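Single-structure report; data block below.
Because the structure is a prediction, the values reported are computed rather than measured. Scope of the values below: all heavy atoms of this structure, side chains included, with no hydrogens, waters or symmetry mates. Counting starts at 1 for both ligands and their atoms, following the listed order.
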Amino acid sequence: PIRFLNTTSVDPSMASDYSGTPVTLDTINPKVLNCEYAVRGEIVTLAQNLQQELKENPGSRTFDEILYCNIGNPQSLGQQPITFFREVLALCDHPAILDRAETQGLFSADSIERAFQILDQIPGRATGAYSHSQGIKGLRDTIASGIEARDGYPADSNDIFLTDGASPAVHMMMQLLIRSEKDGILCPIPQYPLYSASITLHGGTLVPYYLDEATGWGLEISELKNQLEAAKSKGISVRALAVINPGNPTGQVLSESNQREIVEFCKKEKLVLLADEVYQENIYVPDKQFHSFKKVSRTMGYGEKDISIVSFQSVSKGYYGECGKRGGYMEITGFSPEVREQIYKMASVNLCSNISGQILASLVMSPPKVGDESYESYFAEKDAILSSLARRAKTLEAALNSLEGVTCNRAEGAMYLFPRIELPKKAIEAAKAANTAPDGFYASRLLDATGIVVVPGSGFRQVPGTWHFRCTILPQEDRIPAIVTRLTEFHKGFMDEFRD
Ligand SMILES: Cc1ncc(COP(=O)(O)O)c(CN[C@@H]2CONC2=O)c1O
C-alpha cells in the first residue's frame with residue numbers, strides 16, 4: 001500500500017519557512033567529514049597558493065616554480081604517452097580518419113589494424129555508446145589473454161570488470177564487503193590512503209598491519225596473525241586483506257615466497273585477498289620480479305574454490321602513466337555466482353566505465369609484439385621511461401640517505417621514496433606550537449624554502465613516533481640535480497636551525 005505522510009500530525013508550532021536542512025559541516029554525512037586523502041591534502045593547497053603567489057610576484061622567491069612530487073602523475077611532469085597507444089585511441093575515437101587516404105602516411109599499419117579490430121568489437125562501432133557494464137566483451141577477452149600470457153594460467157573475461165581507474169574498483173569491493181563498523185579490512189601501514197579513505201566512507205574498520213622498515217618494508221605473517229587476533233578480540237569480523245605490490249608509498253616488491261605465505265594465510269583465514277597490482281610494470285631492481293597473486297595461488301594448486309582474489313590494475317602507472325584517461329580493471333576470482341551477480345549489479349548502477357579507458361586497458365595488457373611494425377618504437381619508448389625511472393630512484397635514494405638523520409629504503413618498484421627523518425626535539429616542539437604533525441611541519445618548511453611538494457608520512461600512517469615523507473621519482477631526469485641541491489641545502493639549514 002502507498003502511504004502518504006500524514007501532514008495533520010505535524011506540529012504547526014514547529015513549522016519554519018523552509019523544509020530542508022541547511023547543508024553545514026554538522027549536517028553532512030560524518031563519514032565524509034572523517035575521511036582523509038593526504039596525496040591531495042593540505043600541503044597541496046599550500047603549494048597551489050604559493051604557485052599563485054609566484055605567478056603574481058615573479059622573483060619573490062629563490063625559486064620560480066613549484067615541483068609537485070606529491071602525486072604519481074607522470075605526464076603532469078613531462079612524461080610522454082606511448083605513441084602506439086595514442087594512435088589507436090585517436091583512430092577509435094574518430095573512426096572517420098580510417099577512411100582518409102592520408103591516414104596511411106600518418107599512422108602505423110598495426111595501429112590502424114588494431115583500431116579496426118577494436119571497433120569491430122564495439123556494438124555499432126560506437127565509442128560514444130554505453131557498453132556492457134563490465135566493459136566491452138572483446139576488450140575483456142584481450143585483457144584475459146594478456147593476463148594468461150603474463151601468468152601462464154587461464155583467465156576468464158567474465159571475471160573482469162573494466163573501471164574508471166583502479167580507485168572505483170577498490171571502492172566497489174569495500175562497498176561489497178563492509179556491512180558496518182564491525183567489519184574490518186587488514187591494510188598495510190604505511191598505506192596508500194585510498195584504502196583508509198574508502199573504508200571510512202563505507203563505515204568499516206581499518207585493521208592495520210605494520211610493514212617492517214628495518215627489513216625493507218617486509219610483510220611478516222606473524223604481524224598479520226597478531227593483528228587479526230587483536231581485531232577478533234574486539235569483535236571485529238575481518239573480511240579481507242589488502243596488499244599493495246609493488247608497495248605505495250614504500251616501494252618494496254614482495255618475494256614470491258612471502259606471497260605464498262600471504263596466499264596461505266588468506267586461504268586459511270577465509271579472507272578475500274585484495275591484490276593491488278597497479279605498479280606491476282614498475283620494477284627497478286634486478287633481484288625482484290613481479291608475480292601476480294593470482295598466479296602465485298595457482299602455482300600452489302589453489303583455484304576458484306580455495307581462495308577469493310581481487311586483482312586491481314590501472315593505466316595510470318607502469319610506463320604508460322595515463323592517469324587522466326581513467327582506465328583500469330578488477331579481476332575477481334573465487335566468488336560464488338550469486339555474489340558475482342551482486343557485483344555486476346553494483347557495476348550496472350554506474351552503467352559502464354569510459355570507453356577510452358577501456359580501450360587503453362586492453363592496449364596496456366596486450367601491447368605490440370615482436371614483429372609488429374610498431375614494436376621497435378614501442379619498446380624503445382617503454383625501455384627509455386623505465387630505465388630513466390630506475391636511475392631517478394637510485395639518485396634520489398642516495399641523496400636522501402646522505403642527509404643528516406635521514407634513512408631511506410631503496411625503491412625496488414612503484415614510483416616513490418619514503419624516507420624516515422629523525423627530527424630534533426626542537427623541531428618536534430616547533431611543529432606542536434604550529435599545531436601540525438612534525439613531518440607535516442618539515443614538508444611545509446621544505447615547500448616554503450624550495451617549492452618542492454612532498455606528502456608527510458602522517459598521510460600514509462606510520463609506526464607511532466616515527467616520521468617520514470613521500471617523494472615521487474617522477475620529475476624529469478634533467479630536473480633531478482636541482483631537486484637534490486635544493487633539498488640538501490634546505491635540510492642542512494633546517495637541521496642547523498633545530499639541532500638539539
Ligand atoms: C596503490 C594504488 N592503487 C590505486 C591507485 C589508483 O589509481 P587509478 O584510480 O588512477 O587507477 C593508486 C594511484 N596512485 C596515487 C595517485 O598518485 N599518487 C598516488 O599515490 C595507487 O597508488
Side-chain angles (χ1 to χ4, degrees), residues 36-41 43-44 47 68-77 79 81 135 143 160-174 185 187-199 211 217 219 240-254 274-283 290 292-293 310-318 320-331 350 353-354 356-358 360-361 364-365 389 411-418 453-461 468-475:
E36 291 177 351
Y37 181 71
V39 170
R40 284 190 147 170
I43 195 80
V44 178
Y68 287 95
C69 300
N70 60 299
I71 187 167
N73 196 10
Q75 293 187 31
S76 73
L77 290 160
Q79 181 174 306
I143 289 168
I160 292 166
F161 287 72
L162 295 177
T163 49
D164 292 318
S167 302
V170 170
H171 286 305
M172 277 172 71
M173 291 318 294
M174 296 305 177
I185 310 288
C187 290
I189 302 297
Q191 50 102 36
Y192 168 51
L194 163 67
Y195 287 86
S196 48
S198 189
I199 292 167
L211 300 174
W217 300 112
L219 195 169
L241 166 70
V243 188
I244 305 173
N245 180 50
N248 174 6
T250 43
Q252 85 287 3
V253 180
L254 295 175
L274 301 174
D276 186 322
E277 300 174 334
V278 300
Y279 295 102
Q280 59 188 264
E281 301 264 13
N282 298 98
I283 309 285
F290 172 76
S292 75
F293 270 101
V310 184
S311 309
F312 300 105
Q313 171 59 315
S314 169
V315 305
S316 299
K317 308 302 173 184
Y320 20 88
E322 295 274 23
C323 308
K325 298 289 182 188
R326 309 312 295 133
Y329 66 81
M330 61 181 182
E331 181 193 14
N350 295 329
S353 65
N354 80 86
S356 293
Q358 293 189 29
L360 198 44
V364 158
M365 294 307 288
L389 283 169
E412 297 178 338
M415 292 183 167
Y416 315 99
L417 291 161
F418 197 65
V453 193
V454 297
V455 183
S458 313
F460 303 90
R461 304 191 190 190
H468 300 76
F469 62 84
R470 189 190 78 173
C471 181
T472 72
I473 59 171
L474 297 178

Proximal atoms of ligand 1 relative to [X] (non-hydrogen, under 4.0 Å):
| X | answer |
| --- | --- |
| Arg470 | 18 (N), 19 (C), 20 (O) |
| Ser316 | 8 (P), 10 (O), 11 (O) |
| Arg326 | 8 (P), 9 (O), 10 (O) |

Would you mind telling me if ligand 1 is within reach of the side chain of [X], the backbone, both or neither, using heavy atoms under 4.0 Å?
| X | value |
| --- | --- |
| Tyr279 | side chain |
| Asn248 | side chain |
| Glu277 | neither |

Problem - Any Ile244 heavy atom less than 4.0 Å from ligand 1 - result: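 So Ile244 counts as touching ligand 1.
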Handout entry: Min heavy-atom dist Tyr416 to ligand 1 below 4.0 Å
Key =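 It does; at least one heavy atom falls under 4.0 Å.
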Does the N or O separation between [X] and ligand 1 drop below 3.5 Å for any pair?
| X | value |
| --- | --- |
| Asn73 | no |
| Lys317 | yes |
| Val278 | no |

Keeping the roles fixed (side chain from [X], backbone from [Y]), state whether a donor-acceptor pair exists under 3.5 Å.
| X | Y | value |
| --- | --- | --- |
| Glu277 | Ile244 | no |
| Gln191 | Ser196 | yes |
| Arg470 | Gly457 | no |
| Ser76 | Asn73 | yes |
| Gln313 | Ala166 | no |
| Lys325 | Ala361 | no |
| Arg326 | Cys323 | yes |

What residue and atom, counting heavy atoms only, is the protein's closest point to [atom], and at what distance?
| atom | answer |
| --- | --- |
| atom 18 (N) of ligand 1 | Gly72 N, 2.7 Å |
| atom 1 (C) of ligand 1 | Asp276 OD2, 3.3 Å |
| atom 12 (C) of ligand 1 | Tyr192 CE2, 3.4 Å |

Handout entry: Donor-acceptor pair between Tyr416 and Tyr279 side chains, under 3.5 angstrom
Key =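 Side chains of Tyr416 and Tyr279: pair found under 3.5 Å.
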Handout entry: Spacing of CG belonging to Asn245 relative to CD belonging to Glu412, to within rounding of 0.5 Å
Key = 9.5 Å
Handout entry: Nearest neighbour of atom 9 (O) of ligand 1 from the list Ser314, Ser167, Gly165, on a heavy-atom basis
Key =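 Nearest heavy atom to atom 9 (O) of ligand 1 lies in Ser167.
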Exercise for the section: Give a yes or no on whether the ring-centroid distance for Phe460 and Phe418 is below 6.0 angstrom. Expected result: yes
